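Beneath this line is the structure, given in structure tokens, with notes to follow.
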Number of protein chains: 2
Amino acid sequence: MQDDLHRFKAGIFQALAHPSRIAIIELLRDEGKVPVSGIFERLGLEQANVSQHLAVLRSKQIVIGRKEGNQVFYSLRDRIIGKVLDLLRQYFEAHLKEALDLLKDMKTDDSLA
Amino acid sequence: MQDDLHRFKAGIFQALAHPSRIAIIELLRDEGKVPVSGIFERLGLEQANVSQHLAVLRSKQIVIGRKEGNQVFYSLRDRIIGKVLDLLRQYFEAHLKEALDLLKDMKTDDSLA
DNA sequence: TCTATATATTCGAAGATTCGAATATTGTCA
DNA sequence: TGACAATATTCGAATCTTCGAATATATAGA
């Protein structure tokens, strides 16, 4: 059971573990309710790609989509997820220097790969 | 820059996205400071595997290890990470029913795979 | 120094994730 | 009904993650 809870949490984190999905969540947090077209236009992503990311978020029930006529409007299912992101922003600011170094590392790793 | 922050957050979530790593973090949160041997004994994991997970957590600076003689004692670098896990426990409780269904899905997916 | 203990790293196979391209589905309006 | 618009799904290649096995490194004590 302890392990079940660990799996549950890990599953949520996994769903959050992609920059585009974070961007989607923050957009929904800020705007409340956005159609898919609004998401991919605002974020400059491919339609299919956004649909795939939304499928991941839906599968973990982080996000819900409601049909309205022709479109599907997405929103966060629970404000707590927004709070988690806020905590991480705090964390980022508290360790700004090291966080920036970390980002730099990620980039150079990418460019060397 | 917005995108950098998204990458940073995604990187942290990725580091948290594994049941064993969650277990390690919760152990450190509860006990404060634990040697590697204490971690793998308490969690029933392989030594090498725990070292690998610790390497992931170290690379994102979620955890720090300090040598004391023969051993390395690990602890959380910042209480905020513990708070993130607490929020998720709240989240789990708030959506207990669906969360349990989700867990069931994960299991059946596993067993069918 | 030799040996034992504690931890970390490297390797390779199995599995998971990601993306764009192509295609399917659903709803609207003529 | 047919044509279009919005969204979702499937496929396959590239990339990343995970694990145990084997090996490396570091410290302590005889």
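In this text the structure is predicted, and so the values were computed from the model without any measurement. In what follows, every chain begins at residue 1, and chains take the letters A, B, ... in the order their sequences are listed.
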- Query: Quick check: does any side chain N or O of B/R21 sit under 3.5 Å from a backbone N or O of B/A15, one acting as donor and the other as acceptor?
  - Reply: yes
- Message: Using every non-hydrogen atom in the two residues, find where A/S51 and A/R58 come nearest and quote the distance to one decimal.
- Response: O-NH2, 4.2 Å
- Item | Spacing between B/R66 atom CZ and C/dA8 atom C1', to the nearest angstrom | 19 Å
- Message: On the nucleotide C/dA8, are OP1 or OP2 found under 4.0 Å from the side-chain N or O atoms that B/Y74 carries?
- Response: yes
- Shortest non-hydrogen contact between A/G38 and A/L27, atoms and distance: O-CD2, 4.5 Å
- Query: Taking OP1 and OP2 of D/dA5, is either one under 4.0 Å from a side-chain nitrogen or oxygen of A/Q71?
  - Reply: no
- Query: Can you hop from A/L54 to A/L45 via hydrophobic side chains spaced under 4.5 Å?
  - Reply: yes
- Take the protein atom CZ of A/R7 and the nucleotide atom P of D/dT18, then report the distance between them rounded to whole Å. 15 Å
- How far apart are the closest heavy atoms of B/L76 and B/G82, and which atoms are they? CD1-N, 4.4 Å
- Is it true that B/Y74 and B/V56 fall in one hydrophobic cluster, defined by side-chain heavy atoms closer than 4.5 Å? no
Between the protein and nucleotides 9-13 of chain D, list the N/O to N/O atom pairs that are separated by less than 3.5 angstrom.
unit_1	atom_1	unit_2	atom_2	d
D/dT10	O4	A/Q52	NE2	3.0

- Message: Return a single string for nucleotides 25-30 of chain D, one symbol per nucleotide in 5' to 3' order, where B is base contact, S is sugar-phosphate-only contact and - is none, cutoff 4.0 angstrom on heavy atoms.
- Response: -SBS--
- Passes side-chain contact (heavy atoms from CB on, under 4.5 Å), B/F73 versus B/I64? Steps please. CA-CA 8 Å; B/F73 285 79; B/I64 38 179; over 6 Å; no
- Message: Does anything in residues 15-46 of chain B come within less than 4.0 Å of DNA chain D? Heavy atoms only, and list the residues if so.
- Response: B/H18, B/R21, B/E46
- Query: With sequence neighbours left out, which residue pairs that include part of residues 62-73 of chain B fulfil the salt bridge (charged side-chain N to carboxylate O under 4.0 Å, His left out) condition?
  - Reply: B/K33-B/E68
- Check A/K60 against B/Y91 and note the closest heavy-atom contact, atom names and distance. O-OH, 4.2 Å
- Message: Whether B/R89 and B/D86 form a salt bridge (side-chain N of Lys/Arg under 4.0 Å from carboxylate O of Asp/Glu) is what I want to check.
- Response: yes
- A/L54 CG to C/dT17 P, straight-line distance once rounded to whole Å: 17 Å
- Note on the structure: All heavy atoms of A/F8 vs all of B/L88, minimum pair found to be CE2-O, 4.4 Å
- In degrees, rounded to 10°, what is the bend between the two ends of the helix from C/dT1-D/dA30 to C/dA30-D/dT1, using five pairs at each? 20°
- Query: Do any N or O atoms from the side chain of A/R77 and from the backbone of A/Q61 form a donor-acceptor pair under 3.5 angstrom?
  - Reply: yes
- Query: Taking only residues two or more places apart in sequence or in another chain, which ones pass side-chain hydrogen bond (donor to acceptor under 3.5 Å, both in side chains) with A/E26?
  - Reply: B/H6, B/K9
- Tell me: NZ of B/K60 to C1' of D/dC16, nearest whole Å? 12 Å
- Message: Does a side-chain N or O of B/H53 approach OP1 or OP2 of D/dC19 to a distance below 4.0 Å, or not?
- Response: yes
